[in-house]
Amino acid sequence: MVRATRLVILGKQGAGKGTQCVRLSQHYAVPHISTGDMLRAAVRAGTEFGRMAKDFMDRGELVTDEVISGVVSERLAEKDASQLGFILDGFPRTAAQAEALEEMLLPSELDLVIDLAVPTELVLKRIASRRVCRVCGANYSVQSPPKVDWTCDNCGGEVVLREDDTEAAVKRRLDLYESQTAPLIDWYSQREKLVTVSGEGAADEVMHRLIAAVNRAKGIPQWS
Ligand code: AMP
């Protein structure tokens with residue numbers, strides 16, 4: 001039986017987590033589980049939960065630990081994630097979420113937590129240029145737009161600025177990252193789970209660095 005791959009990718013908004021997680025998920029054939037994408041899908045579906053989440057998201061605030069941990073716990077219990085593993089993007093974001101994740105995974109544990117490190121000036125530039133499909137949530141940017149007239153390559157949906165990429169909400173999210181999420185870097189480092197990978201440079205270069213880090217952690221020879 002193939003050994004599961006269980007990864008968490010930490011990093012500021014705009015660090016490139018979304019793009020790299022999609023690629024890593026293809027490379028290791030494990031589901032990419034993005035809490036931001038799950039919440040945006042609930043908003044698009046217009047559910048009660050989605051309406052509640054939208055209010056937090058538009059202000060750049062965090063959804064409560066209990067609610068988001070419940071959503072992740074249900075998702076991780078699904079067959080694909082429990083058998084193959086996962087790449088978690090956007091969770092955990094607080095110490096309480098990291099503790100909840102540890103419990104959810106028992107008796108197994110994470111293989112690796114990657115801090116995708118990018119300076120704040122660069123993430124601000126990337127956020128200003130990023131765009132998202134209103135329908136399926138696929139990511140684009142001004143430098144890397146869809147092929148035809150801001151309609152999504154995957155589903156034909158309209159590609160727009162993210163609703164929570166306003167100046168005030170971006171600032172709030174970066175402040176929350178520093179106060180709530182950055183401390184997890186030490187938390188995982190003390191548990192000998194953490195590696196830092198630079199998220200600067202071309203997407204392909206970053207991808208190669210990430211694969212090298214994951215292969216090292218899994219004991220996979222570097223040439224495979
Ligand atoms: P993201 O796409 O990861 O930037 O997430 C977008 C928004 O969803 C965040 O600004 C939060 O409002 C909410 N969100 C996503 N993940 C979490 C989480 N783990 N805990 C709390 N709120 C979250």
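Order of listing sets the numbers, starting from 1, for every ligand and every atom in it.
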Handout entry: Protein residue, atom and distance nearest to atom 10 (O) of ligand 1, heavy-atom basis
Key = Arg173 CD, 3.0 Å

Exercise for the section: Compute both the distance and the angle, then confirm whether Arg93 meets the cation-pi test with Phe91: under 6.0 Å from the six-membered ring centre, within 45 degrees of the axis. Expected result: no

Exercise for the section: Could you establish whether Arg59 and ligand 1 come within less than 4.0 Å of each other, counting only heavy atoms on the residue side? Expected result: no

Exercise for the section: With the side chain counted from C-beta on, respond yes when Val22 and Asn139 share a heavy-atom pair under 4.5 Å apart, and no when they do not. Expected result: no

Problem - Pairing of Arg172 and Glu61 as salt bridge, 4.0 angstrom limit - result: yes

Practice task
Look at Lys171 together with Asp175 and state whether they make a salt bridge at an N to O cut-off of under 4.0 Å.
Solution key: yes

Practice task
Using a strict 4.0 Å threshold on nitrogen-to-oxygen distance, state whether Asp165 and Arg173 make a salt bridge.
Solution key: yes

Practice task
Kindly confirm or rule out an N or O of Ile68 lying under 3.5 angstrom from an N or O of ligand 1.
Solution key: no

Practice task
Answer yes or no: is there a donor N or O on one side and an acceptor on the other, between the side chain of Gln20 and the main chain of Ala203, under 3.5 Å?
Solution key: yes

Fill in the blank from the handout: Counting from 1 in the order shown, the ligand 1 atoms closer than 4.0 Å to a non-hydrogen atom of Gly90 are 16 (N), 17 (C), 18 (C), 19 (N)

Handout entry: Value rounded to 0.5 Å, distance of NZ in Lys12 from CD in Glu178
Key = 6.0 Å

Exercise for the section: Inspect the contact between Arg23 and Asp204 and indicate whether a charged nitrogen and a carboxylate oxygen are less than 4.0 angstrom apart. Expected result: yes

Exercise for the section: Among all protein heavy atoms, pick the one closest to atom 22 (N) of ligand 1 and tell me residue, atom and distance. Expected result: Val63 N, 3.1 Å

Problem - Phe56 N/O to ligand 1 N/O under 3.5 Å - result: no

Practice task
Check each atom of ligand 1 against the heavy atoms of Arg40 and keep those under 4.0 Å away; list them by number with element.
Solution key: 2 (O), 6 (C)

Fill in the blank from the handout: If we number the atoms of ligand 1 from 1 as shown, the ones under 4.0 Å from a heavy atom of Thr35 are 15 (C), 16 (N), 17 (C), 19 (N)

Problem - Residue, atom name and distance, where the atom is the protein heavy atom closest to atom 14 (N) of ligand 1 - result: Leu39 CD1, 3.4 Å

Handout entry: Short N or O distance, Arg93 and ligand 1, threshold 3.5 Å exclusive
Key = yes

Handout entry: Side-chain ion pair, Lys54 and Glu163, N-O less than 4.0 Å
Key = yes

Handout entry: Atoms in ligand 1 flagged as close to Arg162, the criterion being non-hydrogen separation under 4.0 Å
Key = 1 (P), 2 (O), 4 (O), 6 (C)

Fill in the blank from the handout: Of all protein heavy atoms, the one nearest atom 7 (C) of ligand 1 is Met57 CG, 3.8 Å

Exercise for the section: Indicate yes or no: at least one non-hydrogen side-chain atom of Glu78 is less than 4.5 angstrom from one of Phe86. Expected result: no

Practice task
Give yes or no for whether the N/O distance cutoff of 3.5 Å, strictly under, is met between Gln13 and ligand 1.
Solution key: no

Fill in the blank from the handout: ligand 1 atoms nearer than 4.0 angstrom to some heavy atom of Gln97 are 18 (C), 19 (N), 20 (N), 21 (C)

Exercise for the section: Looking only at distances, please establish whether an N/O atom of ligand 1 is found under 3.5 Å from an N/O atom of Glu61. Expected result: yes

